[in-house]
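Note that this is a predicted model, so its numbers are computed, not measured.
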Amino acid sequence: MGADGELDVFDAGRCAGGYALGLAVGRRFADVIRSRMRQDLVLREQLLPFASTAAKAPPLLAALEAANRERYPRYWDELVGTADGSGVPLLHVILVNFRKEILPFIPKEGDGHGREEEEEPDGDCSDVLIVSDSTAIAAHNEDGNVALLGHTYLVRATLPDGLSFTAYTCAGELPSCAFGFNSNGVAFTLDSVPPVNDEIVAGAIARNFVSRDLLEAKNLEDAMRRICSPGVSVGHSYNLMDVRGRRIVNVETASGNRFAVHEAGATPFFHANMYRHLQVKQVQDENSMSREKRAAQCSVDSKETALSLLGDTADDKYPIYMTGPTLHTLCTVLVDLDKETMTIYKGNPKNGEMTLILPML
């Protein structure tokens with residue numbers, strides 16, 4: 001997405017395999033990927049120094065590569081193709097794709113343990129889910145670090161078996177750590193969650209690989225299997241949608257194959273960046289708690305009121321719609337199961353400025 005808020009869309013067409021898809025995306029967005037890598041302070045100031053100097057970095061990176069390459073060989077090839085196509089060092093691409101699985105193991109100044117306290121924010125999101133007789137929607141703010149401003153794009157691809165998907169993608173990362181849908185009528189949005197270090201397994205399956213796998217789900221049940229069966233390193237929150245079946249479920253996952261499912265109904269369900277129904281020890285994130293508190297004060301019963309909530313800036317310190325300095329709402333997306341569309345908004349969604357309307361079926 002450029003500085004003007006317009007989202008660049010790339011149709012990679014039918015790709016012979018993972019490497020070919022990654023290579024095509026890397027070549028098409030080489031400038032954007034290289035720019036993101038130059039400006040990403042988390043990569044520059046935390047991930048790269050850790051990878052080059054810390055004694056425990058090589059075994060952690062080797063374990064992450066082994067686990068994810070073995071389970072998802074095509075997606076690993078895709079990652080390598082992205083690096084080759086963009087001309088970015090493979091290590092940099094690996095680090096940004098594994099950032100959530102690496103950051104908890106980087107020692108913080110003043111302690112040796114990390115995440116029991118809040119740390120520099122790297123990404124947040126907010127979702128509103130409603131399935132009633134009159135409305136079936138998921139509304140989502142895609143919030144991210146300032147380094148991602150102007151460094152996102154939309155990828156469309158068709159696999160050898162004919163399945164196609166559309167995915168919002170952060171530069172240099174696998175599609176999609178944000179939101180997407182496929183031609184089987186499966187759609188999703190994602191929210192990060194903050195388990196404490198004791199809840200995190202080193203060198204296990206990474207979230208970017210799980211969400212890439214979601215883009216190939218056959219149906220809602222298969223989507224749930226794909227996110228609940230891997231032995232993940234760090235948990236996540238998935239808002240899964242069955243477009244044809246008019247269903248939305250929120251699934252929270254954690255290490256040790258733990259998960260909990262909440263089916264969306266007529267009562268609006270708001271999810272920020274803390275576990276809501278899976279019992280996991282987690283960091284007490286003031287930003288997320290403030291957004292949840294504000295959402296509870298607002299009445300939501302339609303697409304318009306859901307978008308208004310996601311555009312809310314009543315809390316000066318922790319607004320739902322974020323404008324910096326570190327966290328920004330990159331875009332807002334509305335998935336309408338009745339219209340079978342995914343609409344992407346630029347700017348504050350209260351203003352209703354649509355940048356793309358994507359048919360999902």
Side-chain angles (χ1 to χ4, degrees), residues 15-23 25-26 33 37 40 42-43 46-86 88-107 113-115 122 159 167 169-170 172-177 190 192-193 195-217 222-223 225-236 238 253-259 280:
C15 297
Y19 182 82
L21 173 55
L23 188 68
V25 173
I33 295 170
M37 299 299 175
D40 190 332
V42 175
L43 172 65
Q46 297 185 62
L47 296 170
L48 280 171
F50 173 74
S52 62
T53 61
K56 63 181 179 181
L60 175 61
L61 292 175
L64 284 166
E65 175 178 344
N68 289 275
R69 192 173 188 172
E70 179 180 358
R71 186 176 180 94
Y72 304 111
R74 280 194 299 114
Y75 309 153
W76 183 265
D77 290 346
E78 196 172 314
L79 184 152
V80 174
T82 301
D84 288 351
S86 64
V88 167
L90 178 58
L91 176 63
H92 295 198
V93 173
I94 289 172
L95 292 174
V96 297
N97 277 275
F98 286 152
R99 67 198 296 136
K100 294 293 187 180
E101 290 74 29
I102 297 172
L103 286 171
F105 298 97
I106 299 179
H113 307 289
R115 295 169 52 96
D122 185 38
L159 304 180
T169 306
C170 298
E173 299 188 39
L174 293 170
S176 163
C177 61
L190 307 175
S192 63
V193 286
V196 299
N197 271 7
D198 290 347
E199 297 279 0
I200 298 171
V201 175
I205 296 300
R207 298 184 312 175
N208 273 20
F209 282 78
V210 176
S211 54
R212 170 63 184 85
D213 197 40
L214 258 186
L215 289 168
E216 303 192 13
D222 184 44
R225 181 190 63 78
R226 289 172 187 255
I227 65 175
C228 296
S229 61
V232 297
S233 175
V234 183
H236 213 26
Y238 301 85
T253 68
S255 59
N257 297 101
R258 292 170 292 169
F259 64 92
V280 174

- Query: Val42 versus Leu103: any side-chain heavy-atom pair under 4.5 Å?
  - Reply: yes
- Message: In terms of relative ring orientation, are Tyr75 and Tyr72 parallel, tilted or perpendicular, with 30° and 60° separating the classes?
- Response: parallel
- Message: Could you check whether any side-chain N or O of Asp84 sits under 3.5 Å from a backbone N or O of Leu23, counting only pairs where one atom can act as donor and the other as acceptor?
- Response: no
- Task: Give a yes or no answer on whether the side chain of Thr169 reaches the backbone of Ala167 with a donor-acceptor pair at less than 3.5 Å.
- Result: yes
- Task: Check whether any side-chain N or O of Ser255 sits under 3.5 Å from a backbone N or O of Ser233 as a donor-acceptor pair, and report yes or no.
- Result: no
- Scanning both residues in full, the closest heavy-atom pair of Asn208 with Cys177 reads OD1-CB, 3.5 Å
- Query: Can you check whether Phe209's main-chain N or O pairs, donor with acceptor, with Asn68's side chain at less than 3.5 Å?
  - Reply: no
- Say whether, by atom type as modelled, one donor and one acceptor occur between the side chain of Arg207 and the main chain of Lys100 under 3.5 angstrom. no
- Are the side chain of Arg69 and the backbone of Ala66 linked by a donor-acceptor contact shorter than 3.5 Å? no
- Message: As a quick check of understanding, evaluate side chain to side chain contact (heavy atoms under 4.5 Å, CB included) for Val232 and Ile227, giving each step before the final call.
- Response: CA-CA 9 Å; Val232 297; Ile227 65 175; over 6 Å; no
- Could you grab the distance from atom CG of Leu79 to atom CG of Leu90, nearest 0.5 Å is fine? 6.5 Å
- Message: Within the structure provided, determine whether Leu64 and Ile94 are in side-chain contact (heavy-atom separation under 4.5 Å).
- Response: no
- How about Phe105: does its CZ atom have over 12 heavy atoms from other parts shown lying under 6.0 Å from it? yes
- Query: Closest heavy-atom contact between Leu61 and Ala51?
  - Reply: CD1-CB, 4.1 Å
- Check side chain to side chain donor-acceptor pair (under 3.5 Å) between Asp77 and all other residues, then give those that pass, not counting sequence neighbours. none
- Test item: Phe50 and Leu60 side chains (from C-beta on) under 4.5 Å apart, heavy atoms: yes
- Item | Met37 side chain reached by Leu43 side chain, heavy atoms, under 4.5 Å | yes
- Taking the side chain as every heavy atom from C-beta outward, state whether Leu214 and Tyr238 have any pair of such atoms under 4.5 Å apart. yes
- Considering non-hydrogen atoms only, spot the tightest contact between Leu215 and Pro175 and give its length. CD1-O, 3.4 Å
- Is a side-chain N or O of Ser211 found less than 3.5 angstrom from the main chain of Ser176, in a donor-acceptor match? yes
- Test side-chain contact (heavy atoms from CB on, under 4.5 Å), reference Trp76, set Arg71, Glu70, Glu65, output is Glu65
- Task: I would like to know whether Arg212 and Glu173 meet salt bridge (charged side-chain N to carboxylate O under 4.0 Å, His left out); could you show each step before the answer?
- Result: CA-CA 10 Å; Arg212 170 63 184 85; Glu173 299 188 39; over 6 Å; no
- Message: Any heavy-atom pair between the side chains of Val210 and His236 that's under 4.5 Å?
- Response: no
- Query: Would you say the side chain of Thr82 lies within less than 4.5 Å of the side chain of Val88, judging by non-hydrogen atoms?
  - Reply: no
- CD1 (Ile33) and SG (Cys170) are apart, to the nearest 0.5 Å, by 11.5 Å
- Message: Testing Arg99, Gln46, His92 one by one against Asp40 for a side chain to side chain donor-acceptor pair (under 3.5 Å), which residue passes?
- Response: Arg99
- Message: If I compare all heavy atoms of Ala83 with all of Val93, which pair ends up nearest, and what's the gap?
- Response: CB-CG2, 3.8 Å
- Message: Which heavy atom of Arg226 sits nearest to which heavy atom of Glu216, and what is that distance?
- Response: NH2-O, 3.3 Å
- Which atom pair, heavy atoms only, marks the closest approach of Ala67 to Gly203? CB-O, 3.6 Å
